[in-house]
K.L.:
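Pasting a structure below so you can have a look.
The structure displayed is predicted, hence computed values, not measured ones.
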2 protein chains.
Amino acid sequence: MRILIVEDEPTLGKQLKTTLEQSGYAVDLSVDGEDGHFLGSTEDYDAVILDLGLPEIDGLSVLGMWRREGRTFPVLVLTARDSWSDKVAGLDAGADDYLAKPFQTEELIARLRALIRRASGNTSSELTAGDVRLDTRSGRVTLAGEPVKLTAQEYKLLSYLMHHKGKVVSRTELIEHIYDQDFDRDSNTIEVFVTRIRKKLGAEIITTIRGLGYSLDDPADAPRA
Amino acid sequence: MRILIVEDEPTLGKQLKTTLEQSGYAVDLSVDGEDGHFLGSTEDYDAVILDLGLPEIDGLSVLGMWRREGRTFPVLVLTARDSWSDKVAGLDAGADDYLAKPFQTEELIARLRALIRRASGNTSSELTAGDVRLDTRSGRVTLAGEPVKLTAQEYKLLSYLMHHKGKVVSRTELIEHIYDQDFDRDSNTIEVFVTRIRKKLGAEIITTIRGLGYSLDDPADAPRA
DNA sequence: ATCCTCGACGATCAAAATGCGCATGAAAGG
DNA sequence: CCTTTCATGCGCATTTTGATCGTCGAGGAT
């Protein structure tokens with residue numbers, strides 16, 4: 001999952017970035033409204049964290065612009081503690097959730113997780129497919145009850161596929177969602193990780209559709225030949 | 001489905017081409033207005049993506065020429081971010097939708113899908129015929145609820161027929177819409193794929209009309225005595 | 001009319017060609 | 001050191017070709 005943070009205070013921004021990266025997200029960080037707006041318009045994000053108190057262009061305008069351009073990613077707005085009006089205005093402009101500063105990092109992560117889950121149409125924070133179970137809260141994966149150790153990238157890839165269970169996902173789409181900004185698109189890393197995940201969780205879990213991409217299916221929907 | 005991209009910036013053009021190909025489209029790419037105009041006038045496309053900021057002949061003229069020639073394919077216009085006049089002029093000249101650069105790839109794909117769907121007179125992104133169901137968003141096909149695994153070409157062929165349910169489609173038309181520019185039109189691949197699809201989905205699904213082509217009918221509409 | 005014959009077109013199969021995706025190991029990065 | 005990335009050759013699913021068989025329909029002969 002790939003996140004954009006638009007936050008003008010560099011310390012907080014960087015701290016958030018590392019925290020989220022440790023939680024398994026690919027994170028882009030922007031320190032001003034203009035750049036932030038550009039990134040949000042250009043790249044594919046699964047969620048955006050937006051500070052309203054930005055210099056130059058303020059957060060609200062950025063949000064408004066995105067929505068007018070038809071961007072649909074969920075936006076979590078950060079406001080000052082007692083700014084009632086900001087909250088209202090934010091929701092009006094199309095924010096999906098908001099959080100008052102200062103806040104607990106854990107709270108932020110929890111809300112973010114919920115936003116992404118809802119945006120992908122899932123209702124529970126536990127995603128399952130066959131006897132693979134992925135808990136987005138703890139970041140743990142189990143196979144038939146047994147915990148499985150996945151590396152960071154393996155987890156990101158699996159998580160994205162799990163969030164889009166049943167959909168055919170192209171290799172470019174995967175790259176765009178599990179890596180941040182600067183990444184060379186010409187490589188076979190995706191294939192490598194798919195292989196590794198299959199080794200750990202069983203080959204059946206991920207289906208290859210030649211020329212199109214991959215698809216993760218729940219065996220509950222009996223696949224036939 | 002076959003798409004024409006007219007985009008002068010080679011990097012963006014190629015990237016779009018591969019992305020769309022991974023989404024199951026046959027794609028022709030043209031880097032200048034003149035060539036683009038020629039292709040659009042000569043070949044049969046299900047949709048065209050047209051950048052307005054072209055060198056030599058500009059996009060608007062190309063669009064105008066096509067419309068005057070009676071070309072009806074849906075055109076998705078790419079404009080610079082804040083070029084209000086371009087947007088208006090574009091819609092005047094006969095564009096069906098427009099997208100401001102820069103944009104998110106997924107957004108483009110979604111709009112393209114919508115354009116093609118509308119152009120073929122369908123209202124939902126799920127196409128059905130008998131107990132065959134094709135979901136254009138996820139790219140999956142089910143038979144009586146059971147997921148069916150189709151290869152890339154099988155999917156393209158079926159998708160085209162589904163979009164033109166009830167219409168008699170000639171073999172040449174099929175070839176023109178599921179392959180791109182350079183393809184040897186003298187072969188029996190279409191027949192081969194029709195056979196394969198029939199094997200997977202049941203022979204009744206595709207009717208042969210001798211000397212004319214094929215037709216996919218919904219049994220709901222009384223087939224004909 | 002009915003049946004038969006013939007030609008054209010479509011269906012099917014098997015085998016060849018293509019190129020994608022997989023594995024593996026080495027290199028790089030943190 | 002562990003994880004991630006890059007590079008290379010191979011195997012195989014997919015696609016394509018070509019050949020053969022089946023089928024439909026028109027038209028002629030009976």
Side-chain angles (χ1 to χ4, degrees), chain A residues 17-18 21-22 24-27 139 141 148-159 161 168-175 178-216 223 225, chain B residues 17-19 21-24 26 139 141 148-158 161 168-175 178-180 182-216:
Chain A
K17 182 167 149 82
T18 38
E21 277 169 350
Q22 283 169 4
Y25 295 104
V27 182
V141 175
V148 178
K149 209 184 155 196
L150 294 184
T151 68
Q153 302 289 45
E154 287 163 6
Y155 178 82
K156 285 184 203 169
L157 179 33
L158 180 67
S159 166
L161 285 176
V168 178
V169 181
S170 76
R171 215 160 299 125
T172 15
E173 185 176 343
L174 280 172
I175 289 181
I178 69 179
Y179 288 101
D180 57 27
Q181 252 175 309
D182 17 46
F183 182 78
D184 175 22
R185 277 114 189 278
D186 263 10
S187 79
N188 65 346
T189 34
I190 298 297
E191 281 141 321
V192 173
F193 287 116
V194 168
T195 305
R196 298 238 177 92
I197 293 176
R198 279 179 175 153
K199 269 196 186 135
K200 291 185 179 176
L201 299 177
E204 336 71 61
I205 189 77
I206 299 174
T207 317
T208 309
I209 292 103
R210 235 159 215 263
L212 295 182
Y214 298 98
S215 139
L216 185 145
Chain B
K17 184 167 148 83
T18 40
T19 309
E21 276 170 350
Q22 285 182 356
S23 304
V141 175
V148 178
K149 216 182 146 192
L150 293 185
T151 67
Q153 304 289 18
E154 286 164 5
Y155 178 82
K156 285 184 201 168
L157 178 33
L158 180 67
L161 286 176
V168 178
V169 181
S170 75
R171 212 162 302 115
T172 25
E173 184 177 344
L174 280 172
I175 288 183
I178 69 179
Y179 289 100
D180 58 27
D182 18 46
F183 182 76
D184 176 22
R185 276 111 195 274
D186 265 7
S187 79
N188 66 344
T189 37
I190 299 296
E191 279 125 314
V192 173
F193 285 117
V194 168
T195 304
R196 297 233 177 97
I197 293 177
R198 280 179 174 153
K199 263 194 190 140
K200 290 186 179 177
L201 299 177
E204 336 71 62
I205 189 77
I206 299 175
T207 319
T208 306
I209 290 99
R210 219 151 223 271
L212 295 180
Y214 300 99
S215 142
L216 186 146

K.L.:
Starting from the 5' end of DNA chain C, give me the residue, L212(A) or T195(B), whose nearest nucleotide shows up first.
P.N.:
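On the 5' side of the pair lies T195(B).
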K.L.:
Can any side-chain N or O of K156(B) pair as donor or acceptor with the backbone N or O of G24(B) at less than 3.5 Å?
P.N.:
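No; zero donor-acceptor contacts below 3.5 Å.
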K.L.:
Let me know the distance between CD1 of I190(A) and C1' of dC22(C), rounded to the nearest Å.
P.N.:
15 Å
K.L.:
Roughly, in whole Å, what's the span from CD1 in I197(B) to C1' in dT12(C)?
P.N.:
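Taking atom C1' of dT12(C) as the reference, CD1 of I197(B) is at 15 Å.
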K.L.:
Under the 3.5 angstrom rule, does the side chain of K200(A) hit a backbone N or O of L150(A) as a donor-acceptor pair?
P.N.:
no
K.L.:
Picking from dT8(D), dT4(D), dT16(D), which would you name as closest to the side chain of R196(A)?
P.N.:
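So the nucleotide nearest the side chain must be dT4(D).
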K.L.:
At less than 4.0 Å, is any side-chain N or O atom of Y155(A) found next to OP1 or OP2 of dT3(D)? Yes or no.
P.N.:
no
K.L.:
Examine dT5(D): is either OP1 or OP2 under 4.0 Å from a nitrogen or oxygen in the side chain of Y179(A)? Give yes or no.
P.N.:
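So the side-chain polar atoms of Y179(A) do come within 4.0 Å of the phosphate oxygens OP1 or OP2 of dT5(D), strictly under.
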K.L.:
Rounded to the Å, how far apart are L150(B) CG and dT14(D) P?
P.N.:
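Rounding to the nearest Å, CG of L150(B) and P of dT14(D) are 11 Å apart.
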K.L.:
Of the listed nucleotides (dG10(C), dT5(D), dC20(C)), which one gets closest to any side-chain atom of R210(A)?
P.N.:
dC20(C)
K.L.:
Mind calculating the distance between NZ (K156(A)) and P (dT3(D)) to the nearest angstrom?
P.N.:
14 Å
K.L.:
How many whole angstroms separate atom CD of Q22(A) from atom P of dG30(C)?
P.N.:
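Rounded to whole Å, this separation is 16 Å.
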K.L.:
Take atom CZ of F193(A) and atom P of dC22(C), then tell me their distance rounded to the nearest Å.
P.N.:
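In whole Å, dC22(C) P lies 14 Å from F193(A) CZ.
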K.L.:
Base, sugar-phosphate, or nothing for E191(A), non-hydrogen atoms under 4.0 angstrom?
P.N.:
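If one applies the 4.0 Å heavy-atom cut-off, E191(A) turns out to touch a base.
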K.L.:
Using a cut-off of 4.0 Å on non-hydrogen atoms, how would the nucleic acid contact of V192(A) be classed: base, sugar-phosphate, or nothing?
P.N.:
base
K.L.:
Within the structure shown, what part of the strands sits under 4.0 Å from K199(A) by heavy-atom distance: base, sugar-phosphate, or nothing?
P.N.:
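Sugar-phosphate only.
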K.L.:
Using a heavy-atom cut-off of under 4.0 Å over every strand shown, decide if R171(A) touches base, sugar-phosphate, or nothing.
P.N.:
sugar-phosphate
K.L.:
I want to check one thing: is the phosphate of dA7(D), taken as OP1 and OP2, less than 4.0 Å away from some side-chain N or O of S187(A)?
P.N.:
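For dA7(D), OP1/OP2 do not have a side-chain N/O of S187(A) under 4.0 Å.
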K.L.:
Are any side-chain N or O atoms of Q153(B) and backbone N or O atoms of F193(B), one a donor and one an acceptor, separated by less than 3.5 Å?
P.N.:
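Flag not set: sc Q153(B) to bb F193(B) has no pair under 3.5 Å.
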K.L.:
Using a cut-off of 4.0 Å on non-hydrogen atoms, how would the nucleic acid contact of R198(A) be classed: base, sugar-phosphate, or nothing?
P.N.:
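If one applies the 4.0 Å heavy-atom cut-off, R198(A) turns out to touch the sugar-phosphate alone, with no base involved.
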K.L.:
Tell me: CG of N188(B) to P of dA16(C), nearest whole Å?
P.N.:
17 Å
K.L.:
Rounded to the nearest angstrom, tell me the gap between atom CD1 in I209(B) and atom C1' in dT23(D).
P.N.:
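Taking atom C1' of dT23(D) as the reference, CD1 of I209(B) is at 16 Å.
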K.L.:
Can you see if the side chain of T208(B) gets near the phosphate of dA11(C) - specifically, an N or O under 4.0 Å from OP1 or OP2?
P.N.:
yes
